[in-house]
Amino acid sequence: MSRKILIVGAGQSGLQLAHGLLHSGYQVTLMSARTADEIRAGRVMSTQAMFDAALQHERDLGLNFWEDEAPHFDGIGFSLAGPDGSLALDWAGHLNAYAQSVDQRVKMSGWMEAFEQRGGRVIIHGVTVSDLNRLAPRYDLTIVAAGKGELVQLFGRDPSHSPYATPQRALSVVYVRGLERRPERGDLATVNFNLVPGVGELFVMPALTTTGPCDILFFEGVPEGPLDCFTGIRRPDDHLRLMLQLMEKFVPWEYERARHVELTDWGATLSGRYAPVVRHPVGALPSGGIVLGLADVVVANDPITGQGSNNASKCAAIYLDQILAHGDAPYDEAFMQDTFGRFWDYAQYPTTWTNAMLQPPPPHAVQILGAASQHQAIADRFANGFNDPRDFFTWFMDPAKAATYLESVALAAV
Ligand SMILES: Cc1cc2nc3c(=O)[nH]c(=O)nc-3n(C[C@H](O)[C@H](O)[C@H](O)COP(=O)(O)OP(=O)(O)OC[C@H]3O[C@@H](n4cnc5c(N)ncnc54)[C@H](O)[C@@H]3O)c2cc1C
């Protein structure tokens, strides 16, 4: 008799894990608050840029349905606004392998339909704690993959890994058609990371949405600063207009190519904010049962570094390995702690790096970002850190290691 697993939440992590377990012969039930059609016709949820290591987990499960269709990006562009608002610094690093962004409306609805076609069971229901109380005893293991939804209340905040109690950025996203290329990038397709000190960041990236290829404009505004002004804007066309006005003022080099953009669809905008948080992985139900948190439920970082979907993919892959390796043994609390521990062995790095990127850059980071415009090797290393942020801890995150690295690059150049 194969083991029965309940997964609550049909996002990047829940669906990826559900497919992986189904493929290995487990009886998987997936509960989703929305149908595939509702997700497809709804509002955008993310900018979901994913890098090679995370995309590989999707390929491994035969879930890379849109790989040929979705635009690639092969580098990370970095632009810094000077005190007078002009472009003070600009460079681009090359990725060793391409990255992609597939609108989660496309991906999650497609993956959910494929999961049912492959024999998985989907129940459409917004799950409450009392539902879990009733349902969990019927399964060998219950996993909560409900993102930042209300079920996170089951999982206590871990203050030792959660330095922020409040949101650190106000988020504003719009998906557009008609964006022109940045001429200085030539043929290199990039995610552009535009930093406006004290104000926030604008990310611009190509993606695949419900209506085909598009670009995403994504502001991360310092709270109560000039980009924190999207609360209460209801109409998507008003949202786009305001984004373009702010781009003209703060990132005119990006505005230049965005003059003629239009919304991809009426669900193309998103705004909001949340506090980054790490939670304890085991949730206790009133009945005494326990459930295991996955991905954003347990580690929700600010999207400034574009790591959340990547972490969700990596977390789902680690949990899959752990469940397969566990055989017929009971999924007790020790198993759950150990499984999360394996994810945290990795996730502590993107988490610490992301939390650091929310602060003004320290002097050694400013030096690195400046030196990257002179040395392509530095720009390339920075870009590839997005694929595996552990590397940042060997040169970028520590002033002494940064100095050693910069010296070695300078020596190699003479
Ligand atoms: C503006 C923005 C930009 C981002 N950009 C990037 C980026 O460029 N790159 C990147 O890697 N990450 C990015 N992220 C983060 C990324 O989107 C998330 O980290 C990732 O989607 C988390 O996956 P998940 O499976 O944990 O949760 P989710 O993808 O959020 O999935 C959770 C699912 O659970 C469902 N659910 C919730 N509650 C219930 C319930 N009670 N019952 C049933 N279902 C429920 C939800 O409807 C949802 O479908 C961004 C996030 C935001 C907000």
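For ligands, and for the atoms within them, numbers begin at 1 and follow the listed sequence. These numbers come from a predicted model, not from an experiment. Atoms considered below: every heavy atom in the structure, side chains included; atoms not considered: hydrogens, waters and symmetry mates.
- Among the atoms of Asp296, some N or O lies under 3.5 angstrom from an N or O of ligand 1.
- Among the atoms of Tyr274, none of the N or O lies under 3.5 angstrom from an N or O of ligand 1.
- Looking at Leu294 next to ligand 1, no N or O pair under 3.5 Å apart turns up.
- When only interatomic distances are considered, the shortest N/O to N/O separation between Pro303 and ligand 1 does not fall below 3.5 Å.
- Protein heavy atom closest to atom 47 (O) of ligand 1, with residue, atom name and distance, is Ala33 CB, 4.3 Å.
- Ring orientation note: the planes of Phe386 and Phe51 are tilted relative to one another, at an angle of 30° to 60°.
- Nearest protein heavy-atom contact of atom 21 (O) of ligand 1 is Gln104 NE2, 3.0 Å.
- To the nearest 0.5 Å, atoms CD1 (Ile143) and CG (Leu17) are separated by 5.0 Å.
- When hydrogens are left out, the protein atom nearest atom 13 (C) of ligand 1 is Ser46 OG, 3.5 Å; that is the closest non-hydrogen contact.
- Annotation: Phe392 is in aromatic contact with Phe382 [ring centroid separation under 6.0 Å].
- In terms of protein heavy-atom proximity, atom 1 (C) of ligand 1 is nearest to Val173 CG2, 3.7 Å.
- Residue Val127 has at least one nitrogen or oxygen atom sitting less than 3.5 Å from a nitrogen or oxygen atom of ligand 1, judged on distance alone.
- Ile5 contributes atom CD1, which lies 11.0 Å from atom CG of Leu22 (distance to the nearest 0.5 angstrom).
- Atom 53 (C) of ligand 1 has Met45 O, 3.9 Å as its closest protein atom, hydrogens excluded (heavy atom only).
- Centroid-to-centroid, the aromatic rings of Phe155 and His280 stay 6.0 Å apart or farther.
- Annotation: atom 30 (O) of ligand 1 to nearest protein heavy atom, Gly147 CA, 3.8 Å.
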Intermediate values then yes/no, salt bridge (charged side-chain N to carboxylate O under 4.0 Å, His left out), Arg185 and Asp90: CA-CA 10 Å; Arg185 297 275 181 266; Asp90 185 68; 3.0 Å; yes
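- In terms of modelled atom types and a separation under 3.5 Å, the side chain of Thr269 and the main chain of Val174 share no donor-acceptor contact.
- Any N or O atom pair closer than 3.5 Å counts here, and Ala312 shares no such pair with ligand 1.
- In this structure, the protein non-hydrogen atom closest to atom 8 (O) of ligand 1 is Thr47 OG1, 2.7 Å.
- At least one protein heavy atom sits closer than 4.0 Å to atom 32 (C) of ligand 1.
- Applying the 4.0 Å criterion to heavy atoms of Gly126 picks out, from ligand 1, the atoms 42 (N).
- Closest to atom 20 (C) of ligand 1, if we only count protein heavy atoms, is Ser309 OG, 3.8 Å.
- Within the listing of ligand 1, atoms 32 (C), 33 (C), 34 (O) sit less than 4.0 angstrom from a heavy atom of Ala145.
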